[in-house]
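First listed ligand is number 1; within each ligand, the first listed atom is number 1. Heads up: numbering here begins at 1 and tracks the sequence. Here the structure is a predicted model, which is why all the values come from computation and not from measurement.
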Amino acid sequence: MQKLRSVKGMNDILPEQMPAWRRLEETFRATVERHGYQEMRSPIVEPTALFVRSIGEATDIVEKEMYTFTDKGDHSLTLRPEGTASCVRAYLQHSAGERSPVTKWFYMGPMFRRERPAKGRYRQFYQAGVELYGDPGPYTDAEMIDMVVSMLRDLGVLDVEVLINSLGSEGSRERYREALLAYLLPLRDSLSAESQARLERSPLRVLDSKAPEDQEIAEGAPRILDFLDEADQTHFDGLRATLDALGTPYRVEPRLVRGLDYYTRTLFEVQGRGSALGAQNALLGGGRYDAMVGELGGPSTPAIGFAMGLERILMVLPEAEAPAPIDAFVIATRPELRLEASVLARDLRREGLRIDGDLRGGSLKSQLRRADKVGARLALLLGPRELEEGLVQLKDLRDKAQQDVPRAELAALILRMLER
Ligand code: AMP
């Protein structure tokens with residue numbers, strides 16, 4: 001029979017990989033909680049219309065990457081390709097804005113995009129992100145960028161570059177769109193087939209294209225920063241001044257547009273510079289989306305957020321510590337004492353200790369080998385004599401020292417030996 005394998009581009013994460021994942025998730029959580037964000041979780045499946053309306057019809061994601069299906073009730077559903085749209089939907093559905101003028105949420109979980117799998121690019125991948133509603137910025141924009149930089153620093157990810165840009169508000173972007181189209185239309189035949197196909201619908205995407213012919217043309221294109229109106233310009237200047245005051249390094253990149261249609265004003269991306277990443281060097285990206293809450297039927301509410309790809313960060317993360325070892329391994333020296341060994345293990349686990357044992361039984365030698373294998377620091381031997389005298393024989397597997405310990409004193413002694 002043919003072996004069953006995971007879906008292409010979707011990965012198992014095995015126990016030996018988990019310490020790094022947990023360190024990353026815990027650092028993210030600690031960082032954002034220090035900044036006042038609260039965790040929320042939304043369903044992995046949403047109505048398809050949510051993503052079409054928020055991400056935009058002419059985006060790669062909506063055009064060709066969504067896992068969309070019709071359920072038995074004839075509803076079109078989609079596995080979420082990102083987290084922002086779901087957060088906005090939940091924010092509106094639960095009237096979060098009525099309870100507090102500023103809402104700060106964070107989330108973590110798997111996202112799904114049917115992209116071409118490559119190193120650092122998967123079809124199921126994990127994102128951790130934040131969304132902040134009700135503050136028009138720019139101070140909060142700068143603080144968010146500073147927050148991600150300090151998180152990466154805490155993680156030991158130092159070789160990064162922060163890119164920022166402003167896409168302006170609707171008026172500025174419309175004027176820019178026209179100027180960009182006027183520049184691109186005469187060059188249409190030289191663009192990649194993909195860019196030609198969506199030129200009128202989303203000319204900005206040419207700037208983001210990876211095709212060499214598009215990149216060359218993009219070099220000479222007008223710059224969005226020259227089209228900002230006064231309010232947009234003041235906003236962008238405020239962002240830069242705050243980043244300067246915070247000492248957060250950044251580079252202004254006027255061609256940064258990113259793949260989602262909903263951005264307004266502040267846009268940022270953190271790129272890793274090490275060779276480990278290859279072409280997929282965007283560690284995280286975010287920006288302001290001041291129009292989306294209104295477009296999805298809510299009151300006009302400014303908003304900003306970012307999402308980082310956990311797999312990408314893991315590719316540049318310094319080596320994580322080994323998994324937490326087992327504190328003690330319980331060994332019954334006779335098969336008929338397995339039940340008592342189980343009781344001992346249960347009692348010690350109740351004291352907060354990490355206890356393992358080999359309930360298959362086996363010789364003393366094989367059980368000691370197993371104790372070594374799981375990384376236990378101590379072995380607790382239980383035989384007829386120990387049982388009768390209310391003792392356990394405690395063996396330090398590092399220096400092999402052995403001592404009898406009364407059951408009542410065992411947990412406290414182990415905790416002392418482990419310096420906990
Ligand atoms: P986006 O939601 O497209 O703004 O992407 C935000 C971040 O998610 C990126 O900077 C990547 O780190 C990560 N990401 C996006 N797509 C993928 C993918 N297909 N595989 C792995 N990570 C991804």
Short N-O contact, Asp208 and Arg205, less than 4.0 angstrom
yes
Restricting to non-hydrogen atoms, name the atom on Ser172 and the atom on Phe227 that form the minimum distance, rounded to 0.1 Å.
CB-O, 3.5 Å
Closest approach of Met40 to Ala90 (non-hydrogen atoms, all atoms of both residues)
CE-CB, 3.7 Å
Based purely on interatomic distance, does Gln127 place a nitrogen or oxygen under 3.5 Å from a nitrogen or oxygen of ligand 1?
yes
Before accepting this row, confirm whether a basic side-chain N of the pair Arg23/Glu319 lies closer than 4.0 Å to the acidic partner's carboxylate O.
no
In terms of the angle between their ring planes, are Tyr133 and Trp105 parallel, tilted or perpendicular, with boundaries placed at 30° and 60°?
perpendicular
Is there a polar contact, in the sense of an N or O pair closer than 3.5 Å, between Ala307 and ligand 1?
no
Contact check: Leu283 vs ligand 1, nitrogen or oxygen atoms, below 3.5 angstrom
yes
Number the atoms of ligand 1 from 1 as they appear, then name those within less than 4.0 Å of a heavy atom of Gly120, with their elements.
20 (N), 21 (C), 22 (N)
Specify side chain, backbone, both or neither for Glu115, according to which of its non-hydrogen atoms lie closer than 4.0 Å to ligand 1.
side chain
Would you call Glu170 and Arg265 a salt bridge, using N to O less than 4.0 angstrom?
no
Using a plain distance cutoff, I'd like to know if Arg113 has any nitrogen or oxygen under 3.5 Å from a nitrogen or oxygen of ligand 1.
yes
Just which atoms of ligand 1 are under 4.0 Å from any heavy atom in Leu284?
10 (O)
Looking at Glu311 and Arg121, is there a salt bridge between them, counting it only when a charged N and a carboxylate O are closer than 4.0 Å?
no
Below a 4.0 angstrom heavy-atom separation, can you tell me which part of Ile61, side chain or backbone, both or neither, approaches ligand 1?
neither
Between Arg113 and Asp60, is the closest basic N to carboxylate O distance under 4.0 Å?
no
So is there a nitrogen or oxygen of Tyr263 less than 3.5 Å from a nitrogen or oxygen in ligand 1?
no
Could you tell me whether some N/O pair between Gly309 and ligand 1 is separated by less than 3.5 angstrom?
yes
Side chain, backbone, both or neither: which part of Glu311 has a heavy atom under 4.0 Å from ligand 1?
neither
